[in-house]
Number of protein chains: 2
Amino acid sequence: MPKSTFFRLPEERRARFVHEAIVEFADRTYAEASLSQIARRASIPKGSVYQYFEDKLDLYRWLLTEEAPRLKRAFVGKPSVEGDFWSRLEDFVERGMAFLVEHPRLARLSAAAADPTANPEVRGLHKSICEAGIQELRAVLEAGAESGALHASDLDVATRFVATIIGPGLTDVVLQELGAELHEVLASDSLRKRLGPKRRRALARQAVDFIRTGLGSAKPERRKEA
Amino acid sequence: MPKSTFFRLPEERRARFVHEAIVEFADRTYAEASLSQIARRASIPKGSVYQYFEDKLDLYRWLLTEEAPRLKRAFVGKPSVEGDFWSRLEDFVERGMAFLVEHPRLARLSAAAADPTANPEVRGLHKSICEAGIQELRAVLEAGAESGALHASDLDVATRFVATIIGPGLTDVVLQELGAELHEVLASDSLRKRLGPKRRRALARQAVDFIRTGLGSAKPERRKEA
DNA sequence: TCGGCATGCGACCGACCAGTCATATGACCG
DNA sequence: CGGTCATATGACTGGTCGGTCGCATGCCGA
């Protein structure tokens, strides 16, 4: 948790610091990321950083568990309740992809929970975040199973497969689509112009189709256009 | 590339060094891994390391592109050409899982290519390894498509989805299955006793079923037992 | 005006690292 | 024996880091 001083900071100073922290932690590993660097870039003396946070991990934890989720929620909004299970899932995936495109750095920060690291404390943090995400997705799929839309002999396993598809899998596909590397993407604030809603929708549909019907059978006729 | 001295080393010294290097790079990020640590643990003076390799990256590259693939090839053997496309894929997946279980550290080292990093040289190395893996898998799937077993509107996208399933996805599932964390697993030489061939086969089948039929339709009758 | 308190600040500390280098060792050769 | 060459060795350099500390600053209430 940030110290109280942090919340009493002049808005501009805090915003600048948080921005630079996100930039740093988004394009470097926890181990590689440097408080000194953040402080330098935000033009804030290093000593001050320790007035705001206990230590490096405290800042990282706050970003990962509070700030990034808050900003993501604000962007993604409430999950849709319209339509059948599969189109709801498609919406969900499309929203996630939109977040990735519009806020690459935040998306990368959110995804950092999957990064490996030798630091046990960071590992614990990452794990709890991953597990929460998995549980959330599991609940979604459970509902799908109850509605009869989805059939899985082992829902835990299925959940993890689906999670890797709509997480790293889709990210990989999007990067491929853009012909860019993660790091080029992190340098830009938004990729709006390079991957519009239409194409996103198409990719989301491809992902959901994959999850729904796999690759083993000829595709049924396309579902209604969005 | 290692320097020529490296290849002239007494077998025991080289083996010990390589072993400790694998241990170090398998459970830490490239940035976190330390040559000093490797040298200490192998009881080899640090200066000597630089008689064998140009620098840290040189060692890492050799491990990732030469040593790990060599050991992996030796373990997994030639891909099977028996049976239909889907059962061949299942074999392929099962072999990969067996490697993960029998040689967790080597598997982790091989998977390190997906790790993020701020170091551009390491990034380039990782990328080329990933890309090679994708191409290999793509060729497999292409054959499946030609044989009519597999249908994908966009094979590139499909390949990337499949890759994440049988890579991180399966690893995740296996860890879940073992109720262990990656780091606990890296501490042990082999998990033979905790995840035998039968269970592996079942998991491989689940993964391939997922890829083949997805989650949207009731499962067809089980294919023949292995 | 003064005192005290929150905060700003940056030099400093100890740790660790990648990589170098001068010196030492010892095998082989003439 | 002397010389040379590959190799071993570990102290050392320069750098970065996370984190601390003591002084400086400036606001607020009396």
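Bear in mind that the values here come from a model prediction, so they are computed numbers and not experimental data. Each chain gets a letter, A, B and so on, in the order its sequence line appears, and its residues count up from 1.
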Which nucleotide of DNA chain D is the first, and which the last, in the 5' to 3' direction, to come under 4.0 Å of a heavy atom belonging to chain B?
D:dA6 to D:dG10

Figure out the CD/P separation between A:E12 and C:dG8, and round it to whole Å.
14 Å

A side-chain contact here means heavy atoms from C-beta on lying under 4.5 Å apart; do A:L59 and A:F17 qualify?
yes

Specify the separation, in whole Å, of atom CD of B:Q37 and atom P of C:dA15.
16 Å

Separation of B:R40 atom CZ from C:dA15 atom P, in whole Å?
13 Å

Within the structure shown, what part of the strands sits under 4.0 Å from A:A31 by heavy-atom distance: base, sugar-phosphate, or nothing?
nothing

Rounded interatomic separation in angstrom, taking CZ from A:F7 and C1' from C:dA6:
17 Å

Given A:R160, which of A:L137, A:I134, A:L155, A:D154 fulfils the side chain to side chain contact (heavy atoms under 4.5 Å, CB included) condition?
A:I134

With nearest nucleotides of DNA chain D determined for A:G47 and B:I44 from heavy-atom distances, which residue corresponds to the more 5′ nucleotide?
B:I44

Would you mind checking if A:R108 and A:D115 are paired as a salt bridge, meaning a charged N to carboxylate O distance below 4.0 Å?
yes

So what is the end-to-end bend of the helix from C:dT1-D:dA30 to C:dG30-D:dC1, with 5 pairs used at each end and the value given to 10 degrees?
20°

Taking atom P of C:dA6 as reference, at what distance in whole Å does atom CZ of A:R13 sit?
17 Å

Within the structure provided, determine whether B:V122 and B:Y60 are in side-chain contact (heavy-atom separation under 4.5 Å).
yes

Nearest whole angstrom, please: distance from the P of C:dG8 to the CZ of A:F6.
12 Å

Going by heavy atoms in the side chains, are A:E177 and A:L195 under 4.5 Å from each other?
yes

Distance, nearest 0.5 Å, that separates CZ of B:R201 from CD of B:Q206:
13.5 Å

Using a cut-off of strictly less than 4.0 Å between a heavy atom of the residue and any atom of DNA chain D, enumerate the qualifying residues of residues 51-58 of chain B by number.
B:Q51, B:Y52

Close side-chain approach of A:L57 and A:Y30, heavy atoms under 4.5 Å
yes

First locate atom CG of B:L64, then atom CD1 of B:I22, and finally report the distance between them rounded to the nearest 0.5 Å.
10.5 Å

For B:E32 and C:dC17, give me the distance from atom CD to atom C1', rounded to whole Å.
13 Å

Does a side-chain N or O of B:S36 approach OP1 or OP2 of C:dC16 to a distance below 4.0 Å, or not?
no

For a quick check of understanding: with a heavy-atom distance under 4.0 Å over all strands, which category does B:T5 fall into, base, sugar-phosphate or nothing?
sugar-phosphate

Hey, what's the ring geometry for A:F6 with A:F53, parallel, tilted or perpendicular (30° and 60° as the breaks)?
tilted

Taking atom C1' of C:dG10 as reference, at what distance in whole Å does atom OH of A:Y50 sit?
14 Å

